[in-house]
Amino acid sequence: PDFKLAALDGTTVSLADLKGHVAVLDFFATWCGTCVEALPGLDEVRTEYADKGLKLYAVNLQELKPDVEKFVTSSKLGMPVLLDTDGEVAKKYMVSPIPETVVIGKDGVIKKVLIGGDEAALKEAIEAAMK
């Protein structure tokens, strides 16, 4: 489903902006221990595939921007963070439970949904979507 979300840096990202790229949306919350544990690995995946055109975003669910900014700064997270302040995008993607990672193909179609932060499975899904 299409979406338009504000990023922490003030920009806006929509699904239409990502067309032609493999995109990964990782839905998380700062209070979710499994989510927090998975984020550094996702950041490494983002760096590893950046030169291949991968667009990877952490999508925060329904937390206040100042709290998310504080978390991102303290955790030294390098990936862009989008704010799903009302949870509407999570509803469109039927997110439950978190962390939930959605791999979207270059054509804008969901290719894989992963629950729980499995980095090896994510890399496999990214490779398949890039073919």
Side-chain angles (χ1 to χ4, degrees):
D2 197 13
F3 65 87
K4 189 175 273 195
L5 290 172
L8 279 182
D9 66 6
T11 61
T12 301
V13 175
S14 71
L15 183 61
D17 297 335
L18 305 176
K19 197 139 180 128
H21 296 275
V22 172
V24 174
L25 303 176
D26 181 68
F27 292 89
F28 83 103
T30 63
W31 50 261
C32 167
T34 307
C35 301
V36 172
E37 287 176 22
L39 287 170
L42 286 167
D43 220 1
E44 289 176 17
V45 169
R46 178 189 61 86
T47 303
E48 182 179 337
Y49 287 91
D51 64 341
K52 295 179 181 172
L54 178 71
K55 304 291 185 185
L56 193 148
Y57 299 90
V59 181
N60 180 268
L61 293 178
Q62 297 177 291
E63 293 184 279
L64 299 174
K65 184 178 180 180
D67 295 337
V68 179
E69 287 173 327
K70 183 178 176 183
F71 169 79
V72 169
T73 300
S74 68
S75 64
K76 297 179 174 58
L77 196 61
M79 75 180 89
V81 176
L82 306 177
L83 301 170
D84 188 8
T85 54
D86 58 8
E88 286 303 311
V89 174
K91 282 182 192 169
K92 286 182 182 179
Y93 281 80
M94 295 181 276
V95 172
S96 179
I98 55 174
E100 183 169 310
T101 308
V102 179
V103 179
I104 302 169
K106 295 176 183 179
D107 56 0
V109 175
I110 294 174
K111 302 299 182 187
K112 187 83 171 178
V113 176
L114 301 162
I115 308 292
D118 183 340
E119 199 175 311
L122 175 59
K123 286 182 178 183
E124 188 177 297
I126 291 168
E127 292 286 345
M130 287 186 164
K131 291 181 180 173

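Since the structure is predicted, the reported quantities are computational estimates derived from the model, not experimental observations.
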Q | Test log, rule side chain to side chain contact (heavy atoms under 4.5 Å, CB included), inputs Leu39 and Asp26 | A | CA-CA 9 Å; Leu39 287 170; Asp26 181 68; 3.7 Å; yes
Q: Report the residue from Leu18, Val81, Leu5 that forms a side-chain contact (heavy atoms from CB on, under 4.5 Å) with Tyr57.
A: Leu18
Q.
Taking the side chain as everything from C-beta on, heavy atoms only, tell me whether Ile115 gets closer than 4.5 Å to Pro97.
A. yes
Q: Please check if atom NZ in Lys4 has more than 12 non-hydrogen atoms from other residues, nucleotides or ligands closer than 6.0 Å.
A: no
Q. Given side chains that start at C-beta, do those of Glu88 and Lys91 come closer than 4.5 Å, heavy atoms only?
A. yes
Q: Please report the shortest heavy-atom distance between Ala16 and Asp2, naming the atom on each side.
A: N-OD1, 3.7 Å
Q) When clusters are formed by joining ILVMFWY residues with side-chain heavy atoms under 4.5 Å apart, either directly or through shared neighbours, do Val68 and Leu42 land in the same one? A) yes
Q: Determine whether Ile98 and Leu83 fall in the same hydrophobic cluster, where Ile, Leu, Val, Met, Phe, Trp and Tyr are linked whenever their side-chain heavy atoms lie under 4.5 Å apart.
A: no
Q) If you round to the nearest 0.5 Å, how far is CG of Leu8 from CD of Glu69? A) 5.5 Å
Q) Below 4.5 Å, heavy atoms only, C-beta onward: do Pro99 and Glu37 meet side chain to side chain? A) no
Q.
Counting C-beta onward and ignoring hydrogens, is there a side-chain heavy-atom pair between Glu127 and Lys52 closer than 4.5 Å?
A. yes
Q) Below 4.0 angstrom, N of the basic side chain to O of the carboxylate: do Lys70 and Asp67 qualify? A) no
**Q.** Connected via hydrophobic side-chain network under 4.5 Å: Val45 and Val102
**A.** no
**Q.** Where Ala38 and Gly117 come nearest, the two heavy atoms and their spacing
**A.** CB-CA, 4.0 Å
Q.
Within this structure, what is the CD1-CD1 distance for the pair Ile104 and Ile126, rounded to the nearest 0.5 Å?
A. 11.5 Å
Q.
Tell me whether Lys112 contacts the main-chain N or O of Leu122 through its side chain, where contact means a donor paired with an acceptor under 3.5 Å.
A. no
Q) Between Lys55 and Val24, is there a donor-acceptor pair closer than 3.5 Å when you use the side chain of the first and the backbone of the second? A) no
Q. Does Val59 offer a backbone N or O that forms a donor-acceptor pair with the side chain of Asp84 under 3.5 Å?
A. no
Q.
Looking at every heavy atom in both Ala129 and Lys111, which two are closest together, and how far apart are they?
A. CB-CG, 4.1 Å
Q.
Ring-plane angle category for Tyr93 and Phe3, please: parallel below 30°, perpendicular beyond 60°, tilted otherwise.
A. perpendicular
Q: Following the transitive rule for hydrophobic clusters with a side-chain heavy-atom cut-off under 4.5 Å over Ile, Leu, Val, Met, Phe, Trp and Tyr, establish whether Val103 and Val113 coincide in one cluster.
A: no
**Q.** Distance (rounded to the nearest 0.5 Å) between Glu100 CD and Met94 CE
**A.** 9.0 Å
Q) Taking the side chain from Ser75 and the backbone from Phe71, do they hold a donor-acceptor pair closer than 3.5 Å? A) yes
Q: Over all heavy atoms of both residues, which pair between Glu63 and Trp31 is shortest? Give the atoms and the distance, please.
A: OE2-CD1, 3.6 Å
Q: Considering non-hydrogen atoms only, spot the tightest contact between Lys106 and Met130 and give its length.
A: NZ-O, 3.6 Å
Q: Would you give the length of the straight line joining atom NZ of Lys92 to atom CG of Leu15, rounded to the nearest 0.5 angstrom?
A: 9.5 Å
(Q) Could you check whether any side-chain N or O of Asp43 sits under 3.5 Å from a backbone N or O of Leu77, counting only pairs where one atom can act as donor and the other as acceptor? (A) no
Q. Shortest non-hydrogen contact from His21 to Gly53?
A. ND1-O, 3.0 Å
Q: Check the hydrophobic clustering (I, L, V, M, F, W, Y; side-chain heavy atoms under 4.5 Å; chains of links allowed) and say if Leu82 and Leu54 are grouped together.
A: no
Q | Identified side-chain contact (heavy atoms from CB on, under 4.5 Å) partner of Phe27 from the options Thr101, Asn60, Val89 | A | Val89
Q: Please round to the nearest 0.5 Å and tell me the distance separating atom OG of Ser14 and atom NZ of Lys19.
A: 11.5 Å
Q) When rounded to the nearest 0.5 angstrom, what distance separates CZ in Phe28 from CG in Leu25? A) 12.5 Å
Q: Would you mind listing every disulfide (SG to SG under 2.5 Å) that reaches into residues 61-131, with sequence neighbours excluded?
A: none
